**Student:** 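Have a look at this one.
Quick caveat, the model's predicted, so the values are computed rather than measured. Values below: every heavy atom of this structure, side chains too, minus hydrogens, waters and symmetry copies.
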Amino acid sequence: MKALLLNGSPRKGNTCAALEALKKGMKNMPELEIREVKANDISVSPCIACEVCGTNSSCVSDDDTNDIIEAVFAADIIVFATPVYWWGVTAQLKAIIDKFYCKAESLHGLKKKIGVLVIGEAEQEDPQYEIIPKQFSCICDYLGWELVFSKTYTAAAPDDLAKSEDSIREIEALWKTF
Ligand SMILES: Cc1cc2nc3c(=O)[nH]c(=O)nc-3n(C[C@H](O)[C@H](O)[C@H](O)COP(=O)(O)O)c2cc1C
């Protein structure tokens with residue numbers, strides 16, 4: 001089994017802490033191959049709607065797009081982890097998601113389990129914690145992927161989440177949903 005962890009944060013902060021906790025829990029999954037990709041560390045240009053891909057081939061971008069789309073294609077488990085930027089996911093993560101378009105036809109109906117981790121500084125009453133999970137649930141419905149968890153956390157300073165023992169414990173246990 002392969003797990004792809006897509007980290008939307010450009011810094012070593014709360015999203016990293018969330019994924020560290022998840023990876024700790026995932027050690028309980030024998031023979032799981034985990035690949036974490038920091039969206040900010042790769043080069044994925046925004047989709048320009050050139051339509052050359054025809055939604056069923058490779059992307060013409062001469063960057064890391066095709067490598068990451070292959071990893072998405074091959075993964076049994078995909079975790080999207082993102083800070084909230086302006087009520088949405090980060091641009092770095094969105095650029096990757098937009099590029100799903102180049103293989104959208106073949107990504108449809110593949111057996112994939114999806115997890116979503118969203119971290120913002122606003123309190124949990126903020127609509128951002130409905131908007132972002134809703135976006136991922138729409139994507140999963142569209143592609144026929146199974147959304148197994150969608151968790152939101154409040155943390156502002158880079159070390160806030162790591163200091164929240166309850167949150168870290170909850171994230172560590174999420175591997176059981178896969
Ligand atoms: C450009 C930018 C936009 C942000 N927009 C929001 C926002 O709309 N809502 C929110 O709650 N926090 C917002 N934040 C705060 C981050 O989501 C928050 O600090 C988060 O914990 C950062 O995660 P990280 O440490 O993994 O990078 C924003 C931060 C930046 C840098």
**Student:** In this structure, would Leu6 and Leu22 fall into the same cluster of hydrophobic residues linked by side-chain contacts under 4.5 Å?
**Tutor:**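 Not linked; separate clusters.
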**Student:** Within the distance-only criterion (no hydrogens, no angle test), does the side chain of Asp64 pair as donor or acceptor with the backbone N or O of Val44 below 3.5 angstrom?
**Tutor:**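 No; zero donor-acceptor contacts below 3.5 Å.
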**Student:** Atom SG in Cys140, atom NZ in Lys112: separation rounded to 0.5 Å?
**Tutor:**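 Result: 11.0 Å between the selected atoms.
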**Student:** Please say yes or no: joined through hydrophobic side-chain contacts below 4.5 Å, possibly via intermediate residues, are Leu19 and Phe178 part of one cluster?
**Tutor:**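 Leu19 clusters together with Phe178.
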**Student:** With the 4.5 Å side-chain cut-off for hydrophobic clustering, are Trp87 and Leu93 part of the same group?
**Tutor:**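 No; Leu93 is not reachable from Trp87 via cluster members.
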**Student:** Identify the two heavy atoms, one from Cys53 and one from Ser58, that lie closest to each other, and give their separation to 0.1 Å.
**Tutor:**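 For Cys53 versus Ser58, the nearest heavy atoms are CB-O, 3.5 Å.
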**Student:** Where the side chain of Asn28 meets the backbone of Gly25, is there a donor-acceptor pair that is under 3.5 Å apart?
**Tutor:**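 A pair under 3.5 Å: yes.
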**Student:** Would you name the heavy atoms of Pro158 and Asn14 that are closest together and state the gap between them?
**Tutor:**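 Here Pro158 and Asn14 meet closest at O-OD1, 3.0 Å.
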**Student:** Do Val79 and Leu174 have side chains that get closer than 4.5 Å, going by heavy atoms?
**Tutor:**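 Val79 vs Leu174: side chains apart.
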**Student:** Near Phe100 CZ, under 6.0 Å, is it more than 12 heavy atoms from other residues, nucleotides or ligands?
**Tutor:**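 Counting other residues, nucleotides and ligands, CZ of Phe100 exceeds 12 neighbours.
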**Student:** Any link between Val148 and Ile114 through a network of hydrophobic side chains (Ile, Leu, Val, Met, Phe, Trp, Tyr) touching at under 4.5 Å?
**Tutor:**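 No; Ile114 is not reachable from Val148 via cluster members.
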**Student:** Heavy atoms, side chains only, cut-off 4.5 Å: are Cys102 and Ile69 in contact?
**Tutor:**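 Yes, at least one pair of side-chain atoms sits under 4.5 Å.
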**Student:** Out of Thr82, Asn7, Asp41, Asn40, which one pairs with Gln92 under the side-chain hydrogen bond (donor to acceptor under 3.5 Å, both in side chains) rule?
**Tutor:**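 Checked Thr82, Asn7, Asp41, Asn40 against Gln92; only one passes side-chain hydrogen bond (donor to acceptor under 3.5 Å, both in side chains): Asn40.
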**Student:** Under 30°, 30 to 60°, or over 60°: which ring-plane class applies to Phe80 and Phe136, parallel, tilted or perpendicular?
**Tutor:**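 Ring orientation of Phe80 relative to Phe136: tilted.
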**Student:** Could you walk me through whether Ser167 and Lys151 pass the side-chain contact (heavy atoms from CB on, under 4.5 Å) test, one step at a time?
**Tutor:** CA-CA 10 Å; Ser167 302; Lys151 292 282 178 187; over 6 Å; no
**Student:** What closest approach, in Å, do Lys23 and Leu5 show between heavy atoms, and which atom pair accounts for it?
**Tutor:**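 Closest heavy-atom pair between Lys23 and Leu5: CG-CD1, 3.5 Å.
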**Student:** Can you see which heavy atom on Pro133 is nearest to which on Thr152, and at what distance?
**Tutor:**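 Answer, listing the atom of Pro133 first, then Thr152: CG-CG2, 3.9 Å.
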**Student:** Determine whether Asp63 and Lys99 satisfy the following criterion, side-chain contact (heavy atoms from CB on, under 4.5 Å), listing intermediate values before the conclusion.
**Tutor:** CA-CA 12 Å; Asp63 57 15; Lys99 290 293 183 73; 4.2 Å; yes
**Student:** Say you draw a straight line from OG of Ser150 to CD of Gln135; how long is it, rounded to the nearest 0.5 Å?
**Tutor:**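 If we round to the nearest 0.5 Å, Ser150:OG and Gln135:CD are 10.5 Å apart.
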**Student:** Could you go through Tyr142 and His108, starting from their C-alpha distance and side-chain angles, then the distance that decides it, and tell me whether this counts as side-chain contact (heavy atoms from CB on, under 4.5 Å)?
**Tutor:** CA-CA 8 Å; Tyr142 176 68; His108 262 284; 3.5 Å; yes
**Student:** Which distance, rounded to the nearest 0.5 Å, do you find between the CD1 of Ile171 and the CG of Asp166?
**Tutor:**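 Ile171 atom CD1 to Asp166 atom CG measures 11.0 Å (nearest 0.5 Å).
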**Student:** Which atoms form the tightest heavy-atom contact between Thr65 and Ser45, and what is the distance?
**Tutor:**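 So the minimum-distance heavy-atom pair works out to OG1-N, 4.4 Å.
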**Student:** Check for me, please, whether Val89 and Ile42 land in the same ILVMFWY cluster - side-chain distances under 4.5 Å, paths through other members count.
**Tutor:**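 Yes; tracing contacts between hydrophobic side chains, which count when under 4.5 Å, links both residues.
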**Student:** Return the CG to CD distance between Asp160 and Glu121, rounded to the nearest 0.5 Å.
**Tutor:**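 Asp160 CG to Glu121 CD: 9.5 Å, rounded to 0.5 Å.
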**Student:** Verify the neighbour count for atom NZ of Lys103: are there more than 12 heavy atoms of other residues, nucleotides or ligands below 6.0 Å?
**Tutor:**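 Buried by this count: over 12 neighbours within 6.0 Å.
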**Student:** Evaluate the criterion side-chain contact (heavy atoms from CB on, under 4.5 Å) for residue pair Trp145 and Ile78; output intermediate values, then yes/no.
**Tutor:** CA-CA 10 Å; Trp145 297 352; Ile78 305 171; 4.0 Å; yes
**Student:** Flag yes if more than 12 heavy atoms outside Glu165 fall under 6.0 Å of its CD atom; otherwise flag no.
**Tutor:**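 No, not enclosed.
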**Student:** Can you measure from CZ (Phe73) to CG (Asn66) and round to the nearest 0.5 angstrom?
**Tutor:**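 It is 12.5 Å, given to the nearest 0.5 Å.
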**Student:** What distance do Leu147 atom CG and Ser137 atom OG have between them, rounded to the nearest 0.5 Å?
**Tutor:**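 With rounding to 0.5 Å, CG (Leu147) is 6.5 Å from OG (Ser137).
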**Student:** Does some side-chain heavy atom of Thr15 sit less than 4.5 Å from a side-chain heavy atom of Leu117?
**Tutor:**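 Answer no - side chains too far apart.
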**Student:** Any chance the side chains of Glu123 and Tyr129 put a donor and an acceptor closer than 3.5 Å?
**Tutor:**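 The answer is no; no qualifying pair exists.
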**Student:** Side chain of Thr154, backbone of Ala122: donor and acceptor closer than 3.5 Å?
**Tutor:**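 Side chain of Thr154 to backbone of Ala122, a donor-acceptor pair under 3.5 Å: yes, one is there.
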**Student:** Please give me the minimum heavy-atom distance between Val118 and Val116, naming the atom from each residue.
**Tutor:**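 Scanning both residues completely, I find the closest heavy atoms to be CG2-CG1, 3.7 Å.
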